[in-house]
Colleague: 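Below is a structure I'd like to ask you about.
Order of the sequence lines sets the chain letters (A, B, ...), proteins ahead of strands, with each chain counted from 1.
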Amino acid sequence: MVKSRALEERLIAMTRSSDGFFWIGGPGEEAFNVPLGLLVNKGEGLDHDFLHLHYRSSAILTAMGMPMIDAIRQMASKATDPHTGGRNFINHFAMKAWNVVPGTSTIETQYAVAPGTALAQKRHGGHGITIVNGGDAGSAEGDFATCLNWSSRPGRELPLLIIVVNNKYGISTPFDQVHGDQFIARRGEAFGIRWDVLNGNDPVESHQKLSEIIAYIREERMPFVLEAYTSRLHGHSSSSGAARVHDEPDCVKDYGEKLVAEGIFTADDIAQLEKKYRDEGLAALEQARSEPDPDPSTIHDHTFA
Amino acid sequence: MVKSRALEERLIAMTRSSDGFFWIGGPGEEAFNVPLGLLVNKGEGLDHDFLHLHYRSSAILTAMGMPMIDAIRQMASKATDPHTGGRNFINHFAMKAWNVVPGTSTIETQYAVAPGTALAQKRHGGHGITIVNGGDAGSAEGDFATCLNWSSRPGRELPLLIIVVNNKYGISTPFDQVHGDQFIARRGEAFGIRWDVLNGNDPVESHQKLSEIIAYIREERMPFVLEAYTSRLHGHSSSSGAARVHDEPDCVKDYGEKLVAEGIFTADDIAQLEKKYRDEGLAALEQARSEPDPDPSTIHDHTFA
Amino acid sequence: MANIAQALRMALHVGETRLGVTDVFGEDVGPPLGGVFTATQGLTTTWNSPLDERGIVGTAFGLALAGQRAVAEIQFVDYIYNTIDLLKLVGNCRWSCNGMFEVPLVLMTPVGSGIHGSLYHSHSFDTFATHMPGWKVVLVSTPLDAYGLMISAIQDPNPVMFLYPKALIRIPGSDKIPGEPEDAKELSRRIDAPVGAAREGWTPDWPELPDFSIPIGEAKTIAEGTDVTCVTYGRTAPLAKKAAAKLAEEGVSVEVIDLRTLVPYDWDAIVASVKKTRRFIAINEDTEVTNFGEHLARRVTEELFYELEAPPKVLAGANTPGIGLAWSLEQVQVPQAADIERALRELAAIYA
Amino acid sequence: MANIAQALRMALHVGETRLGVTDVFGEDVGPPLGGVFTATQGLTTTWNSPLDERGIVGTAFGLALAGQRAVAEIQFVDYIYNTIDLLKLVGNCRWSCNGMFEVPLVLMTPVGSGIHGSLYHSHSFDTFATHMPGWKVVLVSTPLDAYGLMISAIQDPNPVMFLYPKALIRIPGSDKIPGEPEDAKELSRRIDAPVGAAREGWTPDWPELPDFSIPIGEAKTIAEGTDVTCVTYGRTAPLAKKAAAKLAEEGVSVEVIDLRTLVPYDWDAIVASVKKTRRFIAINEDTEVTNFGEHLARRVTEELFYELEAPPKVLAGANTPGIGLAWSLEQVQVPQAADIERALRELAAIYA
Ligand SMILES: Cc1ncc(C[n+]2csc(CCOP(=O)(O)OP(=O)(O)O)c2C)c(N)n1
Ligand SMILES: Cc1ncc(C[n+]2csc(CCOP(=O)(O)OP(=O)(O)O)c2C)c(N)n1
Ligand SMILES: [Mg+2]
Ligand SMILES: [Mg+2]
């Protein structure tokens with residue numbers, strides 16, 4: 001959690017030091033995303049989990065072991081960005097080795113694609129599952145309903161974890177202004193899909209519920225809709241300033257204090273941890289700065305195989 | 001019911017006598033559509049009901065008083081077709097005087113458009129409502145979810161009757177093969193929308209429930225999702241032969257027999273009624289045949305105002 | 001001879017038995033119907049999808065990302081317009097991740113006019129398809145091409161849009177597909193699903209089909225000529241061929257090129273022909289404003305201007321919001337045999 | 001001078017106070033944000049929609065059918081691609097019912113590259129918009145045009161797609177909008193929403209805006225010249241104007257026409273200019289295959305072939321699946337000032 005927070009803060013700082021153009025990311029979702037990342041069966045192919053992520057998912061990949069510097073290379077749009085070669089925005093990751101399908105900027109489309117990987121896994125058997133996530137406002141797109149319908153066809157149910165991260169906002173629009181549904185996840189009910197909600201600011205509750213739900217999906221090969229309530233600690237994106245907000249719970253700070261209170265860590269341990277990753281971020285930035293930009297002559301590369 | 005059945009049978013006959021190219025229509029839905037048509041507050045403007053119909057809705061308009069010959073003119077794609085001037089398929093109606101918005105061939109899109117007329121009516125006040133209908137398979141399109149979401153925004157709920165006519169098929173595909181939901185209408189629940197199902201083969205049940213539901217929408221200015229189970233008595237369309245199927249209840253026949261059994265009509269009354277409308281259909285066809293085709297020089301007319 | 005529906009069925013049979021096709025799916029694609037145009041009858045990997053084009057394209061995309069080989073159908077191209085964003089994502093996926101993921105899938109869908117499709121069932125997709133980089137785009141006009149190019153589409157590591165003209169689906173071919181029985185009746189007996197009760201439990205008796213394919217990107221000269229080069233595809237290809245035969249009698253020699261692949265298209269074939277004829281016309285039935293034929297005409301103009309004896313022409317559909325159901329309307333809204341004849345005759349008559 | 005965002009705000013204010021606009025809506029269009037580009041701040045009929053473009057287009061359509069006048073926004077044109085079927089239905093509605101229903105609505109959306117929009121936030125919509133008959137299509141490059149054409153779009157009884165370039169939204173104009181205060185700072189004080197807490201309960205102090213509009217369908221010659229005709233619009237219009245000034249110093253006289261309206265476009269202006277210069281180039285930033293500039297070039301070729309001293313040219317975006325985030329990529333994927341200068345110079349240098 002500390003590491004991925006440090007990463008996001010570094011990325012935000014890069015928009016200010018003009019080491020990058022646009023930032024969008026996930027500070028405030030660590031308490032949910034880190035446990036999720038730790039529960040992923042990572043690897044390539046149908047026996048491992050497929051991930052259809054959105055732009056606030058960095059903590060999932062950090063927890064899985066993604067090196068900080070790779071995100072920083074993407075933020076700096078360097079040729080060395082291993083995800084997109086400097087072609088796409090920050091937090092648009094792609095990792096074939098871990099079944100992380102290319103992140104896209106179009107809200108909710110990943111929910112229409114996820115049934116495809118889950119269908120392949122259902123057929124293949126074993127315990128691999130597909131995980132798709134996105135936000136609360138995005139659930140207004142028809143693709144969310146497509147995901148529910150395609151994952152619940154009788155006798156053809158899919159091993160698919162359908163996540164909605166509800167931070168109560170879509171850019172500037174409050175959830176309650178545009179949504180009549182108390183629980184987004186409950187939309188699964190009419191389709192016969194099990195669903196639940198949890199406090200995504202609490203890493204312990206998140207880990208415990210996620211473990212049970214993921215075990216259910218792995219074993220029963222059935223879909224599940226999960227809604228997690230989290231904070232959005234730097235607003236929507238750099239377009240809205242990305243200033244730190246202070247009226248929402250900070251899961252990293254709160255959990256750190258809890259661990260200190262419980263005597264598991266000292267405040268000093270945590271300060272050192274924070275410094276460690278801040279330094280790693282800075283060093284990575286230095287490194288990335290020295291790396292080449294994409295070569296203009298490559299614009300037609302990889303259009304076709 | 002008898003009249004609209006006679007109309008549809010005439011239209012089907014026209015594909016065989018090559019007085020028309022393609023047929024699609026609503027024989028088997030009369031017991032639901034006729035009561036619905038009788039309950040519509042017909043007229044032009046926000047004080048009257050807006051209708052977003054699909055291609056099985058002729059009985060609604062017949063019940064409202066649409067002349068048989070106008071549908072026959074459309075089937076024959078004559079310049080005199082008052083709905084589209086011979087430009088669009090049969091059962092693609094448009095009647096400004098009755099707020100019947102132009103029928104389209106794209107499944108489910110009417111569910112994304114209906115909130116617009118309902119929003120205008122909500123603002124206008126009074127008792128006008130919007131009615132949208134379509135089929136069971138079509139509810140798999142995201143537009144159905146769009147309709148639920150846009151009609152249930154907190155404090156902005158819309159006076160919208162959302163109908164799903166469930167005949168258990170989409171062309172050749174059985175409902176249970178592609179849908180995990182027991183009741184399509186129940187999808188409204190998560191959005192806080194009231195819902196119900198009814199037997200659309202029973203005109204009495206249909207009329208009674210529709211009266212209550214429509215009264216609720218008119219007064220409360222709230223949405224409602226209604227699922228009606230009906231038969232599909234001539235298959236999907238002329239593309240699949242439009243042969244009469246005999247393993248599904250025929251609401252017109254059954255209700256006629258009921259009325260005879262109850263002594264309200266004699267079998268002879270009904271036979272005469274059937275003959276009356278068969279004759280009207282034939283006469284209308286004779287008339288339509290004598291009318292002109294659209295003028296080729298008009299293809300650019302009405303592209304722009 | 002086989003028609004396009006039968007040709008596609010045979011190619012898909014080869015696909016699922018020898019080329020690794022895992023899924024052939026879409027609305028009414030599986031039993032009992034086997035496709036509204038019967039193009040997927042008798043196959044073993046077919047299934048009926050929900051009525052949701054976004055789900056169809058999205059699922060095909062996901063299957064490809066998971067290493068499967070899907071052939072997805074959009075029942076009519078007219079229903080594809082709510083999926084353009086997903087088509088763009090499919091097309092840009094490989095580019096977006098610098099080549100890390102491949103997206104091998106085939107999207108098949110019937111296009112165009114000529115079946116009294118009326119306002120919304122007569123669309124051509126040339127313009128949109130050629131304006132979504134990352135897709136290969138095939139548009140066939142004969143059963144043999146349908147067969148050979150579907151085989152290539154299935155084998156291609158890229159997303160391939162496979163378009164075929166509604167108006168030509170049931171027309172028997174004039175060239176034999178390798179392995180197809182001599183007798184069309186025999187072919188029908190063996191691979192057309194019986195109607196009615198007999199369909200229950202029916203399985204086709206597939207002919208032996210040797211390896212055969214037609215490469216994506218190769219045009220076919222369907223009429224040789226020296227006076228005018230006509231580049232066309234789809235429904236208008238056979239019409240242009242007929243017109244060329246007719247004009248030959250009048251002493252006008254028209255070369256007709258059936259492009260067959262729109263992306264990547266066979267520029268060399270066009271150049272060679274125009275250098276010979278010095279006159280160029282592109283013919284298709286999509287609406288005429290911002291039309292793929294205009295791209296071809298532009299390129300011919302830019303690169304072969306000084307070879308030309310007459311201004312390049314484009315004959316396409318009228319720029320109207322839809323096509324009228326009445327034949328009196330459709331007839332004048334998309335090019336018919338007579339329009340094509342006239343356009344070719346006029347172009348040949350111009351002397352610069 | 002006002003920028004495009006302020007100009008649109010003022011036009012929409014006139015729309016809702018004097019022209020019957022009932023709804024200005026879309027994602028984040030209402031308070032507190034007033035649009036991600038601030039184009040809808042301070043208005044009274046604005047509201048925030050669900051995050052659902054299909055709902056936005058569908059609802060705008062329904063509002064129009066119910067006699068309301070809506071201005072709907074697609075936040076970036078890049079998000080419009082899941083609504084193409086609905087856009088087609090809006091475009092064909094009037095035609096489909098033989099003129100019975102009218103669909104007066106404005107769909108406003110920012111287009112194009114130039115803001116480091118990366119792979120999926122740099123789209124041009126020229127090709128798709130001009131290939132959907134039934135829509136009028138406006139694409140402005142200055143605040144004055146944005147103001148005057150938005151007024152006309154609101155008054156038009158047809159659906160109007162109002163496109164404006166992302167890259168130019170914040171650039172102050174050089175021509176004063178009738179009624180706008182002399183001092184740009186004063187305008188900002190009066191109509192730009194304050195940031196932070198001060199925004200609570202803020203209302204703008206609109207300037208007196210006299211009746212003024214610019215007719216749809218009229219191009220504007222933004223540089224007079226005699227050697228080359230350059231037809232452009234949107235982000236590339238000011239670049240072409242600059243290039244013309246630069247080339248004038250070299251003795252090359254370029255006429256630059258800002259088309260402003262793509263449908264219906266000002267053919268007379270193009271003909272008059274080409275007859276004078278005998279050289280034609282269309283410049284835009286959409287991808288180059290099946291590009292609206294190719295339509296213009298085709299028509300110029302067909303109708304003015306014997307007037308031309310050089311082959312018509314089209315300069316457009318590279319035919320790639322997306323635009324790279326890195327400036328080193330975007331720079332070479334869409335026309336920049338230097339590319340435009342070079343293209344104009346080359347075309348002027350050709351002697352036939
Ligand atoms: C199809 C589409 N529409 C709109 C946008 C612009 N947009 C990007 S993020 C966003 C808000 C998303 O809100 P939510 O789904 O709640 O996710 P959050 O950002 O709150 O995590 C919007 C409107 C987009 N990227 N794609
Ligand atoms: C967007 C779209 N997809 C597919 C079709 C083709 N189509 C027409 S009717 C139909 C089946 C509709 O089934 P249902 O919604 O249950 O209505 P029903 O015909 O049974 O009344 C299909 C697939 C279409 N017209 N539009
Ligand atoms: Mg949110
Ligand atoms: Mg049905």
Colleague: Indicate yes or no for a side-chain donor-acceptor contact from Gln110(B) to the backbone of Leu53(B) under 3.5 Å, with no hydrogens or angles considered.
Modeller: no
Colleague: Is it true that Asp78(C) and Lys166(C) make a salt bridge, defined as a side-chain N closer than 4.0 Å to a carboxylate O?
Modeller: yes
Colleague: Can a side-chain donor-acceptor contact be found between Asp181(B) and His179(B) if the only test is distance below 3.5 angstrom?
Modeller: yes
Colleague: Please tell me whether Phe89(B) and His121(C) form a close aromatic pair, meaning their ring centres lie under 6.0 Å apart.
Modeller: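 Close enough - the centres of the two rings lie under 6.0 Å apart.
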Colleague: Identify which part of Glu141(B) has an atom lying under 4.5 Å from any heavy atom of chain C, answering side chain, backbone, both or neither.
Modeller: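 Contact with chain C involves both backbone and side-chain atoms of Glu141(B).
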Colleague: Ile56(C) pairs by side-chain contact (heavy atoms from CB on, under 4.5 Å) with which of Ile80(C), Val29(C), Leu51(C), Ile74(C)?
Modeller: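 Checked Ile80(C), Val29(C), Leu51(C), Ile74(C) against Ile56(C); only one passes side-chain contact (heavy atoms from CB on, under 4.5 Å): Ile74(C).
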Colleague: Out of Thr84(B), Asp143(B), Ile107(B), return the one with the most heavy atom pairs under 4.5 angstrom to chain C.
Modeller: Ile107(B)
Colleague: Between the side chains of Asp85(C) and Lys88(C), is the shortest nitrogen-to-carboxylate-oxygen separation below 4.0 Å, so that they form an ion pair?
Modeller: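 Looking at Asp85(C) together with Lys88(C), the answer is no, because their closest N to O distance does not fall below 4.0 Å.
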Colleague: Step through it carefully: locate the ring centre of Phe128(C), locate the ring centre of Tyr81(C), and say whether they are under 6.0 Å apart.
Modeller: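 Under 6.0 Å, so yes.
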Colleague: Under 4.5 Å heavy-atom distance to chain B, tell me which part of Ile323(C) shows up: side chain, backbone, both or neither.
Modeller: backbone
Colleague: Among Ala318(C), Ser328(C), Ser49(C), Gly324(C), single out the residue with the greatest number of heavy-atom pairs under 4.5 Å to chain B.
Modeller: Ser328(C)
Colleague: Check each atom of Ser239(B) against the heavy atoms of chain C and say whether the ones under 4.5 Å are side chain, backbone, both or neither.
Modeller: neither
Colleague: Looking at Lys78(B) and Asp81(B), is there a salt bridge between them, counting it only when a charged N and a carboxylate O are closer than 4.0 Å?
Modeller: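 Salt bridge: no.
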Colleague: Quick check on the structure: residues of residues 288-305 of chain B within a heavy-atom distance below 4.5 Å of chain C, by number.
Modeller: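 Within residues 288-305 of chain B, near chain C: Asp293(B), Pro294(B), Asp295(B), Pro296(B), Thr298(B), Ile299(B), His300(B), Thr303(B).
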Colleague: Please classify the contact of Gln75(C) with chain B as side chain, backbone, both or neither, using a heavy-atom distance under 4.5 Å.
Modeller: side chain
Colleague: Does Phe125(C) have its ring centroid less than 6.0 Å away from the ring centroid of His131(C)?
Modeller: no
